[in-house]
Colleague: 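Before we start, here is the structure in question, set down as structure tokens.
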2 protein chains.
Amino acid sequence: MFSKACEYGIRAAVYIALQSLDGRRVSVNEIAEEIDSPIAFTAKILQQLSRNNIIHSVKGPTGGFEIAREDMDAVKLNMIVKAIDGDKIYVGCGLGLKECNAQKPCPLHDKFVDIRTDLSKMLKSTSLFELATGLEVGLTYLKR
Amino acid sequence: MFSKACEYGIRAAVYIALQSLDGRRVSVNEIAEEIDSPIAFTAKILQQLSRNNIIHSVKGPTGGFEIAREDMDAVKLNMIVKAIDGDKIYVGCGLGLKECNAQKPCPLHDKFVDIRTDLSKMLKSTSLFELATGLEVGLTYLKR
DNA sequence: TAAATAAAGGACATTTTTGTCCGATTAATG
DNA sequence: CATTAATCGGACAAAAATGTCCTTTATTTA
Ligand code: FES
Ligand code: FES
């Protein structure tokens with residue numbers, strides 16, 4: 001569904017949001033540890049998110065990553081997915097034709113579009129804050 | 001969503017079904033031409049489908065691939081997807097945890113499972129025959 | 001101002017996916 | 001029985017995704 005990079009990106013963003021709720025800035029090392037991801041690869045992904053203004057980074061001692069409280073509401077999953085995986089899951093054809101096109105649809109088009117629309121709506125309506133709170137209460141997990 | 005191999009596999013299977021409705025057996029070369037896919041790679045995928053009894057192959061002159069009329073109804077997309085991509089789309093966690101587990105769910109679990117269930121239902125209920133008929137009538141396309 | 005800390009970024013390495021090539025096998029036909 | 005047409009199967013090649021390492025840059029603090 002999502003690339004590994006995107007999965008790490010979402011997990012990382014949720015963890016940063018959770019810690020930012022406590023006013024804590026976190027380092028790549030801590031993030032990678034807490035979401036069980038490869039450190040250097042995770043660093044690359046965080047750079048992408050930072051460049052896309054999804055998370056905020058601070059260099060130097062006491063630096064790290066954080067997300068402002070308002071941004072946790074404003075940042076929806078679709079923004080993270082788009083920043084990392086691009087829009088292929090939104091415009092791609094389920095059977096691999098150049099692009100999805102209702103004028104010349106593939107045999108699976110109608111059924112595929114239904115699913116994709118649901119997915120898209122879900123991603124557009126799910127905020128980082130929402131995901132972080134489940135974690136905070138101990139209902140959900142970022143690693144096992 | 002699906003791998004390239006799986007996309008080619010579905011397109012190929014639908015094309016074979018369409019031609020089998022006319023009693024025509026088709027070669028790898030014809031299939032690759034008609035679905036716009038790499039020939040040798042497509043051959044590999046057809047072997048997989050053949051080994052999984054999803055399509056039938058005949059060697060030698062006048063040979064090729066075909067699907068019996070009854071099988072077009074019996075073969076659902078989920079069988080093709082499972083034969084090529086395995087069951088990762090059915091049991092995988094949306095955020096990349098080892099496996100999806102409602103006991104220790106990731107933050108996206110509930111919402112992800114909804115989508116995945118819809119996708120799974122759709123694949124389980126869509127037959128090759130159904131997809132081939134849309135093509136036959138000229139409503140849908142396997143290449144552009 | 002020097003040392004230490006943390007992200008940024010580029011080059012490189014590994015693994016997986018996608019794709020190619022070619023000889024072996026099977027079967028139809030003259 | 002020889003030829004030919006087709007899939008089968010293994011080895012290989014290329015490309016993309018994933019992952020690592022190391023140097024540079026910015027910033028804090030002693
Ligand atoms: S054309 Fe294939 S999904 Fe729309
Ligand atoms: S645990 Fe992540 S989707 Fe179920």
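Please read all numbers here as calculations on a predicted model, not as lab measurements. First the proteins, then the strands, lettered A, B, ... as listed; each starts at 1.
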Colleague: In whole angstrom, what separates A/D36's CG from D/dG19's C1'?
Modeller: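 After rounding, the gap between these two atoms is 14 Å.
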Colleague: Taking salt bridge (charged side-chain N to carboxylate O under 4.0 Å, His left out) as the test, write out the residues that go with A/R116, two or more places apart.
Modeller: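 Listed in chain order: nothing, the list is empty.
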Colleague: Could you check if a side-chain atom of A/L97 sits within less than 4.5 angstrom of a side-chain atom of B/R11, using non-hydrogen atoms only?
Modeller: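 A/L97 reaches B/R11 side chain to side chain.
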Colleague: According to side chain to side chain donor-acceptor pair (under 3.5 Å), does anything in residues 29-41 of chain B pair up with another residue at least two apart or in another chain? List the pairs.
Modeller: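 For residues 29-41 of chain B, and leaving out neighbouring residues, the side chain to side chain donor-acceptor pair (under 3.5 Å) pairs sorted by first residue read B/Y15-B/E30, B/R24-B/E30, B/S37-B/T42.
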Colleague: Can you pull out every side chain to side chain donor-acceptor pair (under 3.5 Å) where at least one residue sits in residues 93-113 of chain B? Sequence neighbours excluded, please.
Modeller: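 Found A/T126-B/K111, A/E130-B/K111.
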Colleague: How many whole angstroms separate atom CZ of B/R51 from atom P of D/dC8?
Modeller: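 Taking CZ of B/R51 and P of D/dC8, I get 8 Å after rounding.
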Colleague: Got a sec, which pairs hit salt bridge (charged side-chain N to carboxylate O under 4.0 Å, His left out) with one end in residues 69-87 of chain B, sequence neighbours left out?
Modeller: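 The answer is B/R69-B/D73.
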Colleague: Could you tell me how far apart B/Q47 (CD) and D/dA11 (C1') are, to the nearest whole angstrom?
Modeller: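 One finds 14 Å between C1' of D/dA11 and CD of B/Q47, rounded.
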Colleague: Do any N or O atoms from the side chain of B/T140 and from the backbone of B/L135 form a donor-acceptor pair under 3.5 angstrom?
Modeller: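 Checked: pair present.
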Colleague: Just to verify, what does A/D118 make a side-chain contact (heavy atoms from CB on, under 4.5 Å) with, not counting sequence neighbours?
Modeller: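 Residues passing side-chain contact (heavy atoms from CB on, under 4.5 Å) with A/D118: B/I115, B/D118.
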Colleague: Quick one: bend of the helix from C/dT1-D/dA30 to C/dG30-D/dC1 from 5 pairs per end, to 10°?
Modeller: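 For the helix from C/dT1-D/dA30 to C/dG30-D/dC1, the axes at opposite ends meet at about 10°.
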Colleague: Could you tell me whether the side chain of A/S50 and the main chain of A/L46 form a donor-acceptor pair under 3.5 Å?
Modeller: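 Flag not set: sc A/S50 to bb A/L46 has no pair under 3.5 Å.
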Colleague: Roughly, in whole Å, what's the span from CG in B/L49 to P in D/dC8?
Modeller: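 So the CG-P distance, B/L49 to D/dC8, works out to 11 Å.
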Colleague: With a 4.0 angstrom cut-off to heavy atoms of chain A, pull out the first and last contacting nucleotide of DNA chain C, in 5'-to-3' order.
Modeller: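 Under 4.0 Å from chain A, the extent on DNA chain C is C/dA4 to C/dA11.
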Colleague: Suppose we screen for side-chain hydrogen bond (donor to acceptor under 3.5 Å, both in side chains). Which residues come up paired with B/K124, at least two apart in sequence or across chains?
Modeller: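 Partners of B/K124 under the side-chain hydrogen bond (donor to acceptor under 3.5 Å, both in side chains) test: B/S120.
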Colleague: Assign a letter to each nucleotide of nucleotides 20-30 of chain D from its 5' end: B, base within under 4.0 Å of a protein heavy atom; S, sugar-phosphate only; -, no contact.
Modeller: BB---BBBB--
Colleague: Who are the side-chain hydrogen bond (donor to acceptor under 3.5 Å, both in side chains) partners of A/S20, not counting sequence neighbours?
Modeller: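 Counting only residues at least two positions away or on another chain, A/S20 forms no side-chain hydrogen bond (donor to acceptor under 3.5 Å, both in side chains).
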Colleague: Let me know, please, whether B/S50 or A/K88 comes out on the 5' side of the other along DNA chain D by nearest nucleotide.
Modeller: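 Final value for this comparison: B/S50.
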Colleague: Under 3.5 Å, side chain of A/R25 to main-chain N/O of A/F65, donor-acceptor pair present?
Modeller: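 Here the side-chain-to-backbone pair does not exist.
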Colleague: Under 4.0 Å, heavy atom to any atom of DNA chain C: which of residues 7-30 of chain A qualify?
Modeller: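 By residue number: A/V26, A/S27, A/V28.
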Colleague: Do A/F129 and A/V75 have side chains that approach each other closer than 4.5 Å (heavy atoms only, starting at C-beta)?
Modeller: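 A side-chain contact is absent here, since even the closest heavy-atom pair is not under 4.5 Å.
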Colleague: Going by salt bridge (charged side-chain N to carboxylate O under 4.0 Å, His left out), name the residues that satisfy it together with A/K4, two or more places apart in sequence or in a different chain.
Modeller: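 Checked A/K4 against salt bridge (charged side-chain N to carboxylate O under 4.0 Å, His left out); matches are A/E7.
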